[in-house]
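Just so it is clear, the model here is predicted, and its values are computed rather than measured. Sequence lines set the chain letters: A, B, ... in the order given, protein chains first and strands last, and positions in each chain run from 1.
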There are 2 protein chains.
Amino acid sequence: MTDIFSSSDLPPPMSIAAVERDCGIPKDTLRIWERRYGFPAPLRDANDERLYPADQVARLRLLRRLIAAGHRPGKVVALPADELLDLIRGLERPPARRARAGADSAVIPERSADAAEVLGALAAHDAERLRSHLAGLLLREGLGGFAGRVGPGLIHAVGAAWARGALEIHQEHLFTDQFTGVLRNAIGAVAATGGPQMPPRVLLTTLPGEPHGLGLLMAEAMFALEGCACVSLGVQTPVRDIALAARAHRADVLALSFSEAIGAGLARAGLADLRALAPADTEIWAGGACPGLRDQPGVHRLRDLAGIAGDVARWRQSAAAQN
Amino acid sequence: MTDIFSSSDLPPPMSIAAVERDCGIPKDTLRIWERRYGFPAPLRDANDERLYPADQVARLRLLRRLIAAGHRPGKVVALPADELLDLIRGLERPPARRARAGADSAVIPERSADAAEVLGALAAHDAERLRSHLAGLLLREGLGGFAGRVGPGLIHAVGAAWARGALEIHQEHLFTDQFTGVLRNAIGAVAATGGPQMPPRVLLTTLPGEPHGLGLLMAEAMFALEGCACVSLGVQTPVRDIALAARAHRADVLALSFSEAIGAGLARAGLADLRALAPADTEIWAGGACPGLRDQPGVHRLRDLAGIAGDVARWRQSAAAQN
DNA sequence: GAGCCTATCTGTCTAGGACAAACAAGGATC
DNA sequence: GATCCTTGTTTGTCCTAGACAGATAGGCTC
């Protein structure tokens, strides 16, 4: 790839705060990696502050993905970029945190024909083609199939393509926007034509630090299809406000979405806080690709989006049994 | 207000990371406030780590509001809670950052009947009522009137209500989600039924640090109504990627949205960087309520959303003149 | 008033040290 | 061979304290 910035010389180095935002690696961690492993090795500006060149930032993004997939920082942080790429390529569960919960192997076909078409539209920067393909998929699969099965696969494929450098960030943004548009339209249609709404009342949101809204939207679609009364607060609601909202809306279920982006520690801590603050009779359902999302007391782990229908049915049975 | 958390005995003290998440105040800032102003004054756990009692966290939330409204930290951080409440109550622009740019007083009727209905629905936590009112407004005003005039007024009214403590954050989130849903539906309808798309090709996004997407969506609606070919990348696209995307999509216009949330410095620096990286023949149009958004070389300042039609017409005239 | 200039304010960066929680590996037991 | 416990290592987050650049306020002059 020839550098399109050759005219304006080079992509500008980033400050430590910018890298934290961009890669999701805390400042403290960046500094301690530098001290312990010798990478990253940022330049310094006139005021002795770190300046991370673009290639090191790219390497950090690879690292984040590897570590999220189970590699240990000490083993991989100092590795050169090409070895990291090899590891990424081999990322169909090489170390993968010794199989923990038994059934973790939801088969996601990363390279289906649909994914190829999506990636092709992105490569061509063709928003219209992307949109119409997504809309077509929605029609072909139905909202349940689209949000429950195809969507997660596409998101995974796009994320993987980005991680191996096949997509730029702006292409991922374009995908996210088009996907959001298609899904929101469909959800709007379900809400407009839907029959009477039934319990459980579901409140959807993500914790602070989790900016990814697609999972939330797909979950909303699944709940809406089951006839649940859904209220979504969008992303990044403070824990205290989630608890307040749960009371205000008399929510039966609090549905939280966790992408790979959020730190495992943040997720656990936030869930624990939330469980303490939310009404005891409100169930907390947590789902998503976040690797650190293990069983937590008082929190129901959603296996995958397609399983939401079953979870709702189970809730209704148990609610009926209590009355 | 009786403490809604009284049932669970007492709210547990929070770690510094939890406070950062909850209040949005960085850890560094919390420590330096403590050092400089004597507040907050957290307890310490067995390991000498800070533990913030719930009342101090509540006070920090008040502080955040006051500072966002223009108060200076040094003046208010050390103030006792009741004085903070007095200040909050008096928050109909008391200090309010001395009026700056001359033509800043776009008359926004903050308390129209529509705003009152929206605030009422939010107070009742009635998502359905909110949604149907917004949808009704859309029908009554048309998409142009909704996105260009009514929407900004509603957003302003909701923001003001939050600033004076009349709304919780989760209520603002609910508004944002419903508003987004209604608007996206309408944009989808325009795109589906719209005639042939004409220049300019418009690429919409926000800079990193600007998480607010409503302005972007309203702008997209206005451009779509003018028949422009729109591509939205959503929020927080890195500057370098905006420039890449501008080339990839052969954009004629780069439309950036700035809410009050983003720092004036960030906005200026980002715009300058972007102007340097983007193709010279791509115009940059910047709009929004950000106070620091002054005239900048090579950047066209959008006065308001309703004026976008005129801006597009002007662009087309000038483009036609060149051919 | 409008513009400029200086002093204060304020957030973010720097450094290295410490430690608890998470983890891997080895050893003992069933 | 599988499960459990113990030990040693890894790793992220918190700590202190100092420095400084950019923004703001207040006084000055025009």
Side-chain angles (χ1 to χ4, degrees), chain A residues 13-21 23-37 39 42-52 63-64 66-68 70-78 95-100 209 262-269 272 291-292 294, chain B residues 14-21 23-37 39 42-52 63-64 66-68 70-78 95-102 209 262-269 272 290-292 294:
Chain A
M14 303 165 70
S15 75
I16 193 169
V19 175
E20 174 181 35
R21 253 180 287 130
C23 306
I25 302 172
K27 294 189 257 269
D28 270 336
T29 303
L30 287 170
R31 295 200 191 96
I32 211 134
W33 281 3
E34 180 181 343
R35 203 198 310 171
R36 285 189 186 148
Y37 313 121
F39 184 86
L43 313 173
R44 298 296 177 130
D45 69 2
N47 195 36
D48 208 34
E49 301 190 353
R50 280 164 246 263
L51 278 184
Y52 295 84
L63 283 171
R64 217 185 76 69
L66 285 172
I67 290 167
H71 284 273
R72 306 228 48 192
K75 307 281 183 192
V76 291
V77 170
R97 259 201 175 74
R98 57 159 73 162
R100 196 170 286 280
I262 195 173
L266 266 183
R268 262 197 297 268
R294 292 184 248 159
Chain B
M14 304 164 71
S15 75
I16 193 169
V19 175
E20 175 181 34
R21 255 180 286 134
C23 305
I25 302 172
K27 294 188 255 269
D28 271 337
T29 301
L30 288 169
R31 295 200 192 96
I32 211 125
W33 282 4
E34 180 181 343
R35 206 200 302 175
R36 286 189 185 145
Y37 314 120
F39 183 85
L43 312 173
R44 299 292 179 133
D45 69 2
N47 196 34
D48 208 32
E49 302 190 353
R50 289 170 175 78
L51 278 184
Y52 295 83
L63 283 172
R64 219 180 89 72
L66 286 171
I67 290 167
H71 283 273
R72 307 227 48 193
K75 305 283 184 188
V76 291
V77 170
R97 267 193 172 79
R98 58 160 74 165
R100 197 172 286 279
I262 195 172
L266 266 182
R268 261 197 298 267
C290 174
R294 290 180 249 165

Using rotation axes that map the C1' atoms of four end pairs onto the next four (five pairs an end), what angle separates the end axes of the helix from dG1(C)-dC30(D) to dC30(C)-dG1(D), to 10°?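 End-to-end axis angle: 30°.
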Could you check how far [atom1] of [X] sits from [atom2] of [N], rounded to whole Å?
X	N	atom1	atom2	value
Arg35(A)	dT14(C)	CZ	P	12 Å
Arg44(A)	dT12(C)	CZ	C1'	14 Å
Arg50(B)	dA20(C)	CZ	C1'	18 Å

Using modelled atom types and a 3.5 Å cut-off, is there a donor and acceptor pairing between side-chain atoms of Arg64(B) and backbone atoms of Cys23(B)?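 Yes, because the side chain of Arg64(B) sits within donor-acceptor range (under 3.5 Å) of the backbone of Cys23(B).
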Please check: side-chain N/O of Asp45(B) versus main-chain N/O of Asn47(B), any donor-acceptor pairing under 3.5 Å? yes
Residue pair Glu34(B), Arg44(B): steps toward the salt bridge (Lys or Arg N to Asp or Glu O under 4.0 Å) verdict: CA-CA 13 Å; Glu34(B) 180 181 343; Arg44(B) 299 292 179 133; 3.5 Å; yes
Applying a 4.0 Å non-hydrogen cut-off, can you work out what [X] is touching in the nucleic acid: base, sugar-phosphate, or nothing?
X	value
Arg36(B)	base
Asn47(B)	sugar-phosphate
Asp48(B)	sugar-phosphate
Arg31(B)	base
Ile16(A)	sugar-phosphate

Quick check: on DNA chain D, is the nucleotide nearest Glu49(B) upstream (toward 5') of the one nearest Lys75(B), or the reverse? Name the residue that is more 5'.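 Upstream on the strand: Glu49(B).
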